[in-house]
Amino acid sequence: MSGSNVWSRTRERLRIFPELLAQCADEAAVYGKCVAATTTGKQELKKDLCVKEFEALKTCFTNAAKKRAK
Amino acid sequence: MSGSVTVRVLRRLQGLRTGPVRGPAGLRAVPGRFLSSGGAMNVFNRDMKKRQKQRVAALKDGHQYDYLRNEVGSRVADRVYDIARTFPLALDIGGGKSHIAEHLNKDVVQSLVLTDVSQQNLKQCRQTEIPTRCIVVDEEFLPFKENTFDLVLSSLSLHWINDLPGAIRQIQQVLKPDGVFIGAMVGGETLYELRCSLQLAESEREGGFSAHISPFTAVTDLGNLLGGAGFSMLTVDVDEVQVHYPGMMEVMTDLQGMGESNCAWNRRSLLHRDTMLAAAAVYREMYGNQDGSVPATFEILYMIGWKPHESQAKPAKRGSATASFGDLSKISRPTNAGRS
């Protein structure tokens, strides 16, 4: 397969993933702490337990991607 | 958190005995995942593993992913040197690009048969002064006669074998009496950081988790495995290799480059990008180092087993003792006259 297709675009997006994540280190740390707290505390890990933190992380991530695309 | 749930669940499937499913058309074939009456497990898609290895071997810059195999290969070669013997004929199972033989010399191993399931890998085998024959062989079906080899080596390929007891038994058969098998395989707590991060992230984002890391053999099982196959004088030791990466994505990219992508039948064919993002954040937070890098642990299990032979030391017969424990008190203590 040559030229730009869905696989090459997906791979390109995955390739810059670490770069974008590095720009959202704070939000990632907050989300990570929220999930890690379930391993030590009494709180059991359920779906969407840390959804607020994750939404913040995802917004930061997509903004970073948009800025990069400009 | 041990995070060993996913791995142990898969190993416990061994104990399940499910019969064939009866449908309206009579007996339907059970998917290869469950224990059949033959006693063989079918966890991995061997065909897919072969394709993955072929693809990886054809990469132009594939050598940059060889660091783990090089390291383990050199340590296995060390163990070969520790045995003060010359081996006329040796077999390297799953040898890949010959990571072990490049550290050996002609005095220790006189002739080598290098096998791998992927032909591309064999084409790129490294330079070594030992005369080598390369054969494409599936590790689970060794095409060699009994009592052929003096030494069998295996480095980092046994963890993709479905029927491990059967494969070890075949290795024991192709060995000559008083031959030795030196193997290294990843086991136990390998990649536990990646496993835990993916498990937690998938639970939080999607409400459940699936196995992304393949099941590994525990150290405690190795003794039974080798003993059950007929090896004696076993030696098992564990080495932990920790590699630091910039982040979770790099860990996964390198694993793919090494040819270690998942090929279990029950693998999920996709990983949501939300889960990937969440897992990368969890990985960094739970296991990250001060400088921002993340570690990945590879627990390498080294095993040495000998095929029984009369010349090997055996436990002494009952009643053949020449001294008694009661005489211990009669051993003279060192006197002031300078007895050391």
Legend entry - Partner chain B: residue of A:R13, A:E53, A:K47 with the largest heavy-atom pair count (under 4.5 Å): A:K47
Legend entry - Most chain B-contacting option - heavy-atom pairs closer than 4.5 Å, from A:V30, A:L21, A:V51: A:V51
Legend entry - Student check: side-chain heavy atoms of B:M252 and B:H212 closer than 4.5 Å: no
Inset, instruction - Heavy-atom pairs under 4.5 Å with chain A are the metric here; pick the option from B:M249, B:E204, B:M276 that has the most. - result: B:E204
Legend entry - Charged tip of B:R205 within 45° of A:F54 ring normal and under 6.0 Å: yes
Inset, instruction - Assess the side chains of B:H63 and B:Q124: does a donor N or O sit below 3.5 Å from an acceptor N or O? - result: no
Legend entry - Top contributor to chain A interface from B:R284, B:R273, B:E202, B:E250 [non-hydrogen pairs under 4.5 Å]: B:E250
Legend entry - Selection from A:L14, A:T38, A:V35 maximising heavy-atom pairs under 4.5 Å formed with chain B: A:V35
Inset, instruction - Could you tell me the separation between the OG1 atom of B:T220 and the CG atom of B:L225, rounded to the nearest 0.5 Å? - result: 11.0 Å
Legend entry - Interface residue of largest heavy-atom contact number with chain A, from B:S197, B:A279, B:A278, B:G208, under 4.5 Å: B:A278
Legend entry - chain B contact via A:K33 - side chain, backbone, both or neither, heavy atoms under 4.5 Å: both
Inset, instruction - Would you indicate whether the side-chain heavy atoms of A:R9 and A:S4 approach each other to under 4.5 Å? - result: yes
Inset, instruction - Nearest 0.5 Å please: distance from the OG1 atom of B:T217 over to the CG atom of B:L164. - result: 5.0 Å
